[in-house]
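Right, one structure below, let's go through it.
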Amino acid sequence: MVFKFFDTTAVDAFAVKMARELVKHAPPSGGAQDARKAAKKRSELDARIAKQVQLFVQTTPLNFYQKAKVGMRLQDELDAAGYDPEVSKALSYEVAKLVALARRRTDA
């Protein structure tokens, strides 16, 4: 029972999934784009991430340790993917913040 508190299997899988999503839609190398296209792409990526976070939180009950682990694991994955450390830290912080602030739906 106590060990379930530290079980991060679902969190690790989610972090890997989010890292793949970020690498696919916003590669570490960036790329030259005009400002409007970049803003639209960023907006779409933000919406996609928020939707995936909400779905994850709705289907997976998380304790405070697991919520914190999302950010740490995502940062590790982004660092390994080749993102600049400051960028990976900022991205993982934003996703961890979304996870921490997301509310589980209790619609019956």
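The first residue of the sequence shown is numbered 1, and numbering continues consecutively from there.
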* Can you check side-chain contact (heavy atoms from CB on, under 4.5 Å) on Val95 and Val53, steps first, answer last? -> CA-CA 8 Å; Val95 171; Val53 166; 4.3 Å; yes
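For the pair Ser43 (side chain) and Ala39 (backbone), a donor-acceptor distance under 3.5 Å is absent. Between the side chain of Thr60 and the main chain of Val57, no donor-acceptor pair closer than 3.5 Å is present. Side-chain atoms of Gln66 come within 3.5 Å of backbone atoms of Asp7 as a donor-acceptor pair (strictly under, hydrogens ignored).
Considering all non-hydrogen atoms of both residues, Leu62 and Phe56 come closest at CD1-CE2, 3.7 Å. When all heavy atoms are compared, the tightest approach of Tyr83 to Ser88 is CB-CB, 4.1 Å. Of all the heavy atoms in Pro28 and Ala81, the pair that sits closest is CG-O, 3.5 Å. The shortest non-hydrogen separation linking Gly71 to Ser92 is O-CB, 3.4 Å. Looking at every heavy atom in both residues, Lys89 comes nearest to Gln75 through CB-NE2, 3.7 Å.
Between Phe6 and Tyr65, the ring-plane angle classifies as perpendicular under the 30° and 60° cut-offs. Classified by interplanar angle (parallel below 30°, tilted 30° to 60°, perpendicular above 60°), the ring pair Phe64/Phe5 is perpendicular.
Between Glu77 and Leu22, the closest side-chain pair of non-hydrogen atoms is not below 4.5 Å. Looking at heavy atoms from C-beta onward, Val16 lies in side-chain contact with Arg73 at the 4.5 angstrom threshold. Using a 4.5 Å cut-off on side-chain heavy atoms (C-beta onward), Leu74 and Phe14 make no contact.
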Only pairs under 3.5 Å count here: list side-chain donor-acceptor contacts from residues 44-52, not counting sequence neighbours, and write none if there are none.
unit_1	atom_1	unit_2	atom_2	d
Asp46	OD1	Arg42	NE	3.1
Asp46	OD2	Arg42	NE	3.3
Arg48	NE	Glu21	OE2	3.1

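The distance from atom CG of Leu101 to atom CD of Gln54, rounded to the nearest 0.5 Å, is 11.0 Å. Here Met72 contributes atom CE and Asp12 contributes atom CG; the two are 9.5 Å apart, rounded to the nearest 0.5 Å.
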